[in-house]
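Just below is one structure, and these are the notes that go with it.
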2 protein chains.
Amino acid sequence: MKTRDRIVLEARALFNEQGYGNVTTAMLAAHLGIAEGNLWYHFKTRQALLEAIAEQFASRIDARLDMVPDALDPIGSYARMLGRLMAELSDFRFIYRDQASYGEHVEPVAGKAPGWLGRTFDQLERYFDTLADAGLLDWPRERLRDLAINTTIILRYGLEHYREMGEPTGAGSGAVRRTLHRHLTLFEHRLAPEAAIRLHEAIEAIGARALAA
Amino acid sequence: MKTRDRIVLEARALFNEQGYGNVTTAMLAAHLGIAEGNLWYHFKTRQALLEAIAEQFASRIDARLDMVPDALDPIGSYARMLGRLMAELSDFRFIYRDQASYGEHVEPVAGKAPGWLGRTFDQLERYFDTLADAGLLDWPRERLRDLAINTTIILRYGLEHYREMGEPTGAGSGAVRRTLHRHLTLFEHRLAPEAAIRLHEAIEAIGARALAA
DNA sequence: AAACAATTAGGGTCCGTACCCTAGAACGGC
DNA sequence: GCCGTTCTAGGGTACGGACCCTAATTGTTT
């Protein structure tokens with residue numbers, strides 16, 4: 001892998017683990033086993049590095065927001081979208097979490113969060129709608145929006161919540177799995193039994209994948 | 001008010017607004033209109049100041065956790081507890097949010113979060129239980145725990161969520177009110193109509209109080 | 001072999017920020 | 001009117017961290 005890419009990758013991991021403000025360029029270079037000067041060769045400033053990460057983040061989000069429910073496989077398509085969403089949230093946790101450390105002036109992110117969140121509500125609502133159409137989710141349509149919003153919040157903050165609960169959250173802890181199970185408690189009781197079972201299985205698969213990473 | 005208390009108060013406000021790591025002792029002194037040296041007179045280190053704030057935080061939490069539902073006034077007592085909980089969350093937001101900035105070694109807080117959260121689940125569950133006993137909440141008992149946990153998460157992260165949504169969150173924005181309304185969407189449809197109305201009224205009152213502060 | 005890109009080691013600058021020190025002034029209770 | 005507490009102004013230290021520069025080495029391409 002190109003050194004530039006290794007830098008972006010390792011920086012992302014370190015920022016997630018230790019917090020953006022706690023990772024010095026010296027530490028980063030040491031972790032990579034390269035000279036610090038080499039960092040400045042690839043990125044003029046620390047902020048430029050951050051922006052490179054943020055760019056990946058933005059395109060991951062946009063890709064996920066393009067996913068649509070499949071009426072022929074509502075459960076499977078929902079699970080796939082969930083997997084992407086959680087990957088996105090755990091791979092780029094620090095971007096939201098440490099925003100105070102770097103301010104609002106990071107190009108690929110600045111001011112975009114409200115739009116992203118709003119579109120995530122819409123997206124989840126569409127998936128739930130499809131589940132309802134298929135008779136797999138028994139939920140009054142006029143309350144689907146609230147369900148979508150509450151689901152978004154739980155998924156979004158699940159990792160932080162489990163960290164506060166004292167459970168390790170590093171890449172590959174069970175926090176992703178737990179978060180997904182938690183979100184299910186919002187509507188599981190209204191799911192058709194076979195749908196609930198399939199979702200649980202899918203969650204285990206996603207959780208296992210997260211553990212491996 | 002004693003200068004020492006003014007310092008603690010203003011520091012708390014600034015930390016909440018700007019983030020712990022972004023507030024320098026110089027800024028703090030300037031905001032207070034006192035000499036920086038005076039800060040060191042009252043607090044030997046920045047961390048000591050933080051600990052004084054954290055102590056207040058801890059005792060506020062403990063006081064709130066001691067509140068119990070009143071079987072004679074389930075709605076009113078629930079609303080009172082909600083008010084305290086939200087005040088606690090908004091007055092001391094930065095303590096959770098900026099934990100990465102100051103590490104885990106702050107006496108009055110270190111390692112206590114899991115216990116606090118767990119006891120908050122218990123507390124909310126008891127309130128819901130009381131509502132159910134009074135016939136005001138129609139919810140299967142075995143799912144009350146999940147409701148309590150999900151409610152806790154929404155209340156806990158509501159302010160962060162509305163900040164990410166781009167709405168001002170400074171003391172006295174509508175974020176507290178919005179968060180409370182959001183949490184209601186979790187179970188409002190199962191509340192007795194008059195209970196729902198009274199809770200909405202109570203939320204407006206709490207929200208208004210938050211606005212005034 | 002020549003040209004260019006990538007990388008190293010190690011020096012050095014600059015700046016922000018917590019924190020120290022001191023001499024003196026204002027305040028407040030007794 | 002005295003004494004201890006509180007507070008000011010301002011200079012001063014120490015340290016960490018981003019970022020610069022350079023001369024020399026290795027790696028890669030053509």
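All figures in this text were calculated on a predicted structure; none of them were measured in a lab. Letters A, B, ... mirror the listed sequences (proteins, then strands); counts begin at 1. The figures that follow rest on heavy atoms only: side chains count, while hydrogens, waters and symmetry mates do not.
Salt bridge A/D98/B/R97: absent, no basic N to carboxylate O contact under 4.0 Å.
Listed candidates were C/dT7, D/dA18, D/dT8. Nearest to the side chain of A/W40 is D/dA18. Listed nucleotides D/dC19, C/dT8, C/dA5 differ in distance to A/A35; the shortest reach to its side chain belongs to C/dT8.
At C/dT8, one or more side-chain N or O atoms of A/N38 fall inside 4.0 Å of OP1 or OP2 (strictly under the cut-off). Side-chain N/O atoms of B/T24 include none lying less than 4.0 angstrom from OP1 or OP2 on C/dT17. Under 4.0 angstrom from either OP1 or OP2 of C/dA18 there lies no side-chain N or O belonging to B/T45.
Counting non-hydrogen atoms under 4.0 angstrom, B/G21 reaches nothing in the nucleic acid.
What separates CD of B/E36 from P of D/dG12 is a distance of 16 Å, to the nearest Å. Between B/R46 atom CZ and C/dC19 atom P the separation is 8 Å, expressed in whole Å. One interatomic measurement links the two molecules: CZ of B/F43 to P of C/dT17, which rounds to 21 Å at whole-angstrom precision. Between the OH atom of B/Y41 and the P atom of C/dG24 there is a distance of 19 Å, rounded to whole Å. For the pair B/Y102 OH and C/dA18 P, the interatomic distance rounds to 17 Å; values are reported in whole Å. Separating the CG atom of B/L49 from the P atom of C/dC19 is a distance of 10 Å, rounded to the nearest angstrom. Note: CG (A/L39) to P (D/dC20) measures 12 Å, nearest angstrom. Nucleotide D/dC7 holds its P atom 4 Å from the NE2 atom of B/H42, rounded to whole Å.
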Give the C-alpha distance, both sets of side-chain angles, the deciding distance and a yes or no for side-chain contact (heavy atoms from CB on, under 4.5 Å) between B/K112 and B/W116. CA-CA 6 Å; B/K112 298 232 184 78; B/W116 283 333; 3.9 Å; yes
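Distance check: A/I154 CD1 to A/T179 OG1 gives 9.0 Å after rounding to the nearest 0.5 Å.
Between A/F94 and A/Y102, the angle of the ring planes goes over 60°, which puts this pair in the perpendicular group of the 30/60° scheme.
With contacts defined as side-chain heavy-atom distances shorter than 4.5 Å, the pair B/E204/B/H181 qualifies.
Sequence order on DNA chain D of the closest nucleotides to A/T25 and A/G37 puts A/T25 first from the 5' end.
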